[in-house]
2 protein chains.
Amino acid sequence: MSLTPKGEARRAALLDAVLRVLEREGPGAVTHRSVAREAGVPLAAATYYFDDLDDLYLSALRRATEEQVTLFAGTDMADLRSVAHLIHRWATENRGAALAQYELMFLAMRRDALRADAEAWYGALEHAIDPHGKNPRQTRVRALALDGLLLRILWLGEPSTVDETEKALREIVEETRAAAT
Amino acid sequence: MSLTPKGEARRAALLDAVLRVLEREGPGAVTHRSVAREAGVPLAAATYYFDDLDDLYLSALRRATEEQVTLFAGTDMADLRSVAHLIHRWATENRGAALAQYELMFLAMRRDALRADAEAWYGALEHAIDPHGKNPRQTRVRALALDGLLLRILWLGEPSTVDETEKALREIVEETRAAAT
DNA sequence: GGCTTTCTGGTACATTTGTACCAAAAGGAG
DNA sequence: CTCCTTTTGGTACAAATGTACCAGAAAGCC
């Protein structure tokens, strides 16, 4: 039932491989065989460490999402420059995980078991923007805009540079400043 | 080369069927056979009217996206109540098309041929919010927030009622009011 | 040491897939 | 009607897939 160290490593290698295949060839290309090949392990390993293809795929998506949640939740959004850097890295070097995360959102639509994971992401976004819950309305709007921006970056690749990203962030912050009750 | 009236009808029936299968079972379930069954036509019809499975799938996504683009582009966002109704319908009765539209965004990430379609959607959003280009900065932020809201509705089903949707819209508008240059 | 659990890697198989093919039916044009 | 294009629906097939199976190697524990 428990795993040997080497087993644990193989399991992790398979999860990483899922993200790479997903990033490179899309969700449809994630199969037992492609993942095993990508991870450099025999086919049977992919069925040994995971019940299902579903189990393998979901485990990878979940792990990626959790990483992003802790990453964003632990970030102070006050310094727009560093946030811009974070987002840029997120969309380039870490693109596989970013895709996995939104792929999970997509699946959550149809599968109740994933709702909690999806909500955790939205919560992390709002927490990062306003850790103390000072201005809920403003925070909600900013979170929506930030989410929209992230997807736009992912889908259209635009804004593509750190500078442009910072500018877009600044627009969001500045345009949501005023508004009394 | 040209199509008979009946042929045209069958072609359209297949495109509709794609959206229904996509909505019900997800992108992976869209196959020649499932679509043909859904449309009530023999398998061969799905290969006769479309070069490829790819052609069939993309044609359906494109048609859905174009419909949504004209729908939103032709809407004045001034009356939040009616916009809330529009969005609610979009996410419920018209859910298949909504999904198709964002599925296209997702594919556009990896396929240059779809970029124009994806950008058309973003353009339509901005145009609907501010037809005359009066305040580009505010419009960009509002469009991002609206896009974020639409995805949230699609993915988490929340806000789920027309009233809640209207409230969320109002928040976006009110929180992006001020900001001088 | 032994022994029980974990792991390995290879193979096998039924199912589903995209797509090609084709003989015949239907439809429109002269 | 006759001819020619479009359409039909059935069938076939190679490729890929999820998953089961198993003989044996390796690893951990007494």
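All chains are named by letter (A, B, ...) in the order of the sequence lines, taking the proteins before the strands, and each is independently numbered beginning at 1.
- Partners of B:Asp130 according to the side chain to side chain donor-acceptor pair (under 3.5 Å) rule, which considers only residues two or more places apart in sequence or in another chain, are B:Thr139.
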Each nucleotide N or O in nucleotides 23-28 of chain D that has a protein N or O under 3.5 Å away: list the pair and distance.
none

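- Distances shown here put every side-chain N or O of A:Arg11 at or beyond 4.0 Å from the OP1 or OP2 atom of C:dC7.
- The phosphate of C:dA26 (OP1 or OP2) has no side-chain N or O of B:Arg10 nearer than 4.0 angstrom.
- Taking atom OH of B:Tyr57 as the reference point, atom C1' of C:dT17 lies 16 Å away to the nearest angstrom.
- In this structure A:Ala128 satisfies the side chain to side chain contact (heavy atoms under 4.5 Å, CB included) test together with A:Met77, sequence neighbours excluded.
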I'd like a table of donor-acceptor pairs (distance under 3.5 Å, sequence neighbours excluded) in which one partner is a side-chain atom from residues 101-110 of chain B, with atom names and distances.
unit_1   : atom_1 : unit_2   : atom_2 : d
B:Tyr102 : OH     : B:Asp147 : OD1    : 2.6
B:Glu103 : OE2    : B:Tyr57  : OH     : 3.3
B:Arg110 : NH1    : A:Leu22  : O      : 3.2
B:Arg110 : NH1    : A:Glu23  : O      : 2.6

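- Between B:Leu149 and B:Pro159, the closest side-chain pair of non-hydrogen atoms falls below 4.5 Å.
- You'll find the side chain of B:Arg177 reaches within 4.5 Å of the side chain of B:Glu174, heavy atoms only.
- Listed by chain and number, the residues in a salt bridge (charged side-chain N to carboxylate O under 4.0 Å, His left out) with A:Arg24 are A:Glu38 (sequence neighbours excluded).
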Check the pair B:Leu169 / B:Val173 against side chain to side chain contact (heavy atoms under 4.5 Å, CB included), numbers first and verdict last.
CA-CA 6 Å; B:Leu169 287 173; B:Val173 171; 5.6 Å; no

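- Scanning residues 23-50 of chain A for heavy-atom distances under 4.0 Å to DNA chain D yields A:Thr31, A:His32, A:Arg33, A:Leu43, A:Thr47.
- Look at CG on B:Leu53: it is 10 Å from C1' on C:dT17, rounded to the nearest Å.
- Electrostatic pairing of B:Arg62 and B:Glu66 does not count as a salt bridge here, judged by no charged N lying under 4.0 Å from a carboxylate O.
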